[in-house]
Amino acid sequence: MTKKIDLNCDMGEGFGVWQMGDDFSLLDHIDSTNIACGWHAGDPERMKNLVAAAIQKNVFIGAHPSLPDLIGFGRREMAITPNDAYNYVMYQAGALKAFIDSMNGNLHHVKPHGALYNQAAKDIELAKAIALAVKDLGGDVILYGLAGSCYVEAANAVGVQLWQEVFADRRYTSQGYLVPRSEVGALIEDEGEAAQQAVRMASSNEVLSIDQKLVKLQADTLCIHGDGPSALDFARKIRSLL
């Protein structure tokens, strides 16, 4: 049996005159796009244009909601309630969905961004609130969440489909969480090493942690970050290897 894995990429993370990443070229090499909804990055024009391009290229469209932290790019933790998490996801994903609906497209998934993503991975109540927002968006919207984390239990409890996500360019703790970006070695900067990790996760459902322990995980979708200077080359390399 041939195994398939979805390749997703965070996109639309510029703002105003500031551009980040070659989004439109990357769409040719991925399966799913996660479009920033304005709270950590992005703006209405970018949202609209990326939705149109993704529909044209038959790429799955997802919302990429964050904490209200434009200055900190959504990467600073905040003390929020489950009700906050629900509202934040519904508000931002709803804005993107309006553009999608106007073009007769479909909202395929929701993938939280940055600190919101990581906080919910360890907090079951936040994860459930996010899962409930995804369910209430209607249709068959899928939740993308960290493999083996609280997202798994939350999706099961709420009754939404979860695609468990893995990362090519991030190192993992022995508990299966992402090493915080603030720590040394959190990011894998060598493209060859990142590619090897991606292939291992996709083919064997396992990753070697930062302290050299084997961690089992389920890999349904693989994140390729689109904000790096060599993101396009890396996306091509990953796709060819897989």
Side-chain angles (χ1 to χ4, degrees), residues 6-16 18-70 73-74 80 82-114 116-117 120 126-145 151 154-155 158-165 220-221 223-224 226-227:
D6 171 84
L7 296 183
N8 78 75
C9 187
D10 305 340
M11 291 186 170
E13 293 185 318
F15 186 81
W18 177 52
Q19 177 64 34
M20 176 182 283
D22 188 356
D23 291 339
F24 296 102
S25 295
L26 277 164
L27 285 172
D28 292 323
H29 304 282
I30 61 171
D31 304 298
S32 301
T33 175
N34 319 309
I35 301 176
C37 301
W39 278 21
H40 76 280
D43 54 45
E45 184 70 9
R46 279 181 169 79
M47 293 166 70
K48 180 182 69 176
N49 292 340
L50 270 173
V51 166
I55 290 174
Q56 182 182 25
K57 294 175 182 288
N58 294 313
V59 173
F60 292 138
I61 303 171
H64 199 34
S66 75
L67 296 173
D69 182 23
L70 187 60
F73 200 68
I80 65 170
N83 186 61
D84 291 332
Y86 176 94
N87 290 340
Y88 294 169
V89 171
M90 184 64 71
Y91 182 91
Q92 294 172 81
L96 183 71
K97 189 173 185 297
F99 285 115
I100 297 170
D101 290 345
S102 73
M103 301 180 207
N104 298 313
N106 294 296
L107 177 64
H108 177 262
H109 64 277
V110 172
K111 173 188 167 180
H113 166 82
L116 178 60
Y117 181 96
L126 290 182
K128 285 182 179 178
I130 291 171
L132 182 59
V134 172
K135 183 177 183 179
D136 288 349
L137 284 164
D140 298 315
V141 182
I142 299 167
L143 173 61
Y144 283 19
Y151 286 108
V158 172
V160 298
Q161 185 178 359
L162 174 73
W163 284 11
Q164 297 193 51
E165 184 181 35
D220 300 318
T221 183
C223 177
I224 299 174
D227 55 356

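The model shown is predicted, which means the values in this text are computed figures rather than measured ones.
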Exercise for the section: Answer yes if the side chains of Asn8 and Ser32 hold a donor-acceptor pair under 3.5 Å, and no otherwise. Expected result: no

Exercise for the section: Using distance alone, with no hydrogens and no angle criterion, decide if His109 and Gln161 have a side-chain donor and acceptor under 3.5 Å apart. Expected result: no

Evaluate whether atom [atom1] of [X] has more than 12 neighbouring non-hydrogen atoms of other residues, nucleotides or ligands under 6.0 angstrom away.
X: Asp140; atom1: CG; value: no
X: Gln56; atom1: CD; value: no
X: Lys111; atom1: NZ; value: yes

Side chains of [X] and [Y], heavy atoms from C-beta outward: is any pair under 4.5 Å?
X: Leu27; Y: Leu50; result: yes
X: Lys48; Y: Met103; result: yes
X: Leu143; Y: Pro112; result: yes
X: Lys128; Y: Pro82; result: no
X: Tyr88; Y: Pro68; result: yes
X: Tyr86; Y: Asp136; result: yes

Practice task
Please lay out, stage by stage, how Gln19 and Arg46 fare under the test side-chain contact (heavy atoms from CB on, under 4.5 Å).
Solution key: CA-CA 10 Å; Gln19 177 64 34; Arg46 279 181 169 79; 3.1 Å; yes

Handout entry: Ile130 and Leu116: CA distance, side-chain angles, deciding distance, side-chain contact (heavy atoms from CB on, under 4.5 Å) verdict
Key = CA-CA 10 Å; Ile130 291 171; Leu116 178 60; 4.1 Å; yes

Ignoring hydrogens, what is the shortest heavy-atom contact between [X] and [Y]? Give both atom names and the distance.
X: Cys37; Y: Leu96; result: SG-CB, 4.2 Å
X: Ala155; Y: Leu162; result: CB-CB, 3.7 Å
X: Phe99; Y: Pro44; result: CZ-O, 3.7 Å
X: Ile30; Y: Leu7; result: CB-O, 3.6 Å
X: Asn49; Y: Phe24; result: O-CE2, 3.8 Å
X: Lys97; Y: Leu107; result: CD-CD2, 4.2 Å

Mark yes or no for whether [X], through its side chain, and [Y], through its backbone, hold a donor-acceptor pair below 3.5 Å.
X: Asp10; Y: Asn34; answer: no
X: Lys135; Y: Val158; answer: yes
X: Glu13; Y: Ala36; answer: no

Practice task
Over 60° means perpendicular and under 30° means parallel, so classify the ring planes of Phe73 and Trp18, tilted if in between.
Solution key: perpendicular

Exercise for the section: Could you label the plane-to-plane angle of the His108 and Phe60 rings as parallel, tilted or perpendicular, counting under 30° as parallel and over 60° as perpendicular? Expected result: parallel

Exercise for the section: Take Tyr151 and Tyr117, measure what ring-ring contact (aromatic ring centres under 6.0 Å, His included) needs, and give me the verdict at the end. Expected result: CA-CA 9 Å; Tyr151 286 108; Tyr117 181 96; 5.6 Å; yes

Practice task
May I have the step-by-step check of side-chain contact (heavy atoms from CB on, under 4.5 Å) for Ile61 and Ile55, ending in yes or no?
Solution key: CA-CA 8 Å; Ile61 303 171; Ile55 290 174; 3.6 Å; yes

Practice task
Evaluate the criterion side-chain contact (heavy atoms from CB on, under 4.5 Å) for residue pair His40 and Asp69; output intermediate values, then yes/no.
Solution key: CA-CA 5 Å; His40 76 280; Asp69 182 23; 5.9 Å; no

